[in-house]
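Reviewing the structure listed below.
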Number of protein chains: 2
Amino acid sequence: MSSTKQRLLDGALTAIREHGIAGASARTIAAAADVNQALIFYHFGSIDDLLSAACHACTATRVKEYSKQLSNVSSMRELLQVGRELHEQEKTLGNVSVLAQLLAGAQNDDRLAAPTAAALQLWINEIESVLDRLLNGTPFGEVADRPGLARAISVAFIGLELYEGVDEAGARQVFAALDQLSYLEEIVNDLGRISRRALRSKISRAVRKKTPSRPHS
Amino acid sequence: MSSTKQRLLDGALTAIREHGIAGASARTIAAAADVNQALIFYHFGSIDDLLSAACHACTATRVKEYSKQLSNVSSMRELLQVGRELHEQEKTLGNVSVLAQLLAGAQNDDRLAAPTAAALQLWINEIESVLDRLLNGTPFGEVADRPGLARAISVAFIGLELYEGVDEAGARQVFAALDQLSYLEEIVNDLGRISRRALRSKISRAVRKKTPSRPHS
DNA sequence: GTCTATAGCTGGATAGAC
DNA sequence: GTCTATCCAGCTATAGAC
């Protein structure tokens with residue numbers, strides 16, 4: 001990989017972190033990369049394409065970094081703990097989630113939408129495989145919509161990252177509340193142990209009685 | 001209220017919805033408001049101040065609109081249903097959450113941060129009062145961190161709004177999964193009825209045994 | 001591959017006539 | 001309060017020398 005290309009990828013991330021998606025221009029990116037501005041177009045064709053490539057590379061790296069920790073997670077509480085560490089690291093790295101900025105920018109830029117969705121999907125896949133492990137063997141696990149839950153967890157985290165930027169104390173409170181909530185999982189599991197079979201059939205019935213959500217595209 | 005001021009507030013929202021926070025410039029806003037560009041500075045002083053005022057007014061209106069529905073909510077499932085309606089309406093209104101765009105912009109603009117946090121707080125307060133009603137009398141309600149949970153729900157919703165913009169089908173899946181999850185609430189309540197006192201003490205013990213999250217600032 | 005230079009816009013903000 | 005006109009900084013993108 002040509003060193004310039006790599007510098008531009010890094011510079012794009014720096015620019016997003018320091019100026020947000022709105023301020024990630026050819027000039028700020030080139031300055032952050034310490035590279036001539038015109039080289040962005042030579043190597044990537046457009047700003048959008050550079051941002052997309054940078055976001056994908058950055059996300060892939062971070063998913064890999066956390067993949068091992070996630071593979072050791074054996075409860076919702078532990079998953080939350082990993083989320084907390086990830087959140088702390090994001091804050092240290094520059095107080096902004098690159099993915100959240102791209103998501104915001106993608107709302108009104110069609111060329112950014114698909115690459116951003118693809119980057120987010122990397123996290124979703126990772127979370128889904130954690131859920132697979134956690135839910136196997138539990139009463140709820142037999143009927144749980146794991147892809148849906150994985151998406152819910154991932155996008156909720158994005159929202160939290162954005163919230164952190166405007167209310168740090170509030171974000172801490174969210175983590176405290178989720179921590180508390182995660183204890184309910186164990187309690188439900190305990191209760192389940194009391195009459196596991198009854199619980200299982202109750203869950204199946206309750207969940208299935210609702211209008212089936214037909215997959216749609 | 002001078003009609004021009006109101007037109008500018010509306011125009012700012014239109015511009016955010018159509019172009020995102022990055023494209024909400026004096027010129028696009030003035031065009032959407034059908035008002036001379038220089039009047040933004042006469043009436044509001046700066047773009048940031050206009051955006052802040054518009055965001056606050058818009059959020060206050062929408063909170064009021066949904067306040068009655070929220071006051072009738074008597075279960076998590078119903079709360080989710082209101083969330084779904086709100087989400088559908090946002091989509092119809094222009095496929096973008098104004099608050100989410102402001103939140104993204106506020107990450108790197110200090111003058112936007114506090115007003116955005118204040119607007120978001122309007123939703124958080126509303127959700128918190130719903131939680132107060134829902135949790136009163138339940139075993140978990142006695143120890144639940146309601147302000148924290150209200151924030152968690154609110155910011156998760158913001159994340160979902162952003163996700164919708166890049167993956168519509170994925171967002172639908174999230175709602176389906178949450179719907180499914182919301183049935184667990186009833187099941188847990190049922191189980192609780194079996195041995196309510198045992199459950200209550202179990203929850204209290206479990207939740208309190210963790211490191212107390214000291215309020216911090 | 002990298003540079004300078006520049007075209008052609010759009011940005012926030014202000015001055016000053018009315 | 002509203003308008004025109006304008007300053008100047010910043011923007012994306014390209015042309016063309018090296």
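The model shown is predicted, which means the values in this text are computed figures rather than measured ones. Atom set for the values below is all heavy atoms of this structure, side chains included, hydrogens, waters and symmetry mates excluded. Within every chain, numbering begins at 1; the chains are lettered A, B, ... in the order of the sequence lines, protein sequences first and strands thereafter.
Remark: side-chain polar atoms of Gln81(B) are not paired, donor with acceptor, to backbone N or O of Asp179(B) under 3.5 angstrom. For the pair Arg146(B) (side chain) and Gly141(B) (backbone), a donor-acceptor distance under 3.5 Å is present. At distances below 3.5 Å, not a single donor-acceptor pair connects side-chain atoms of Glu161(A) with backbone N or O atoms of Phe157(A). In this structure, Glu126(A) contributes its side chain and Leu70(A) its backbone to no donor-acceptor pair below 3.5 Å. With hydrogens and angles disregarded, a donor-acceptor distance shorter than 3.5 Å links the side chain of Gln101(A) to the backbone of Ile21(A). A donor-acceptor contact shorter than 3.5 Å is absent between the side chain of Thr138(B) and the backbone of Leu134(B).
Scanning residues 38-52 of chain A for heavy-atom distances under 4.0 Å to DNA chain C yields Ala38(A), Leu39(A), Tyr42(A), His43(A).
If you measure from atom CG of Asn36(B) to atom C1' of dA15(C), you get 13 Å, rounded to the nearest angstrom.
Considering only residues two or more places apart in sequence or on other chains, Glu65(A) meets the salt bridge (Lys or Arg N to Asp or Glu O under 4.0 Å) condition with Arg62(A).
Put simply, chain A comes within 4.0 Å of DNA chain D, heavy atom to any atom, from dC11(D) to dT14(D), going 5' to 3'.
Under the 6.0 Å distance and 45° angle rule, Arg77(A) counts as a cation-pi partner of Tyr183(A).
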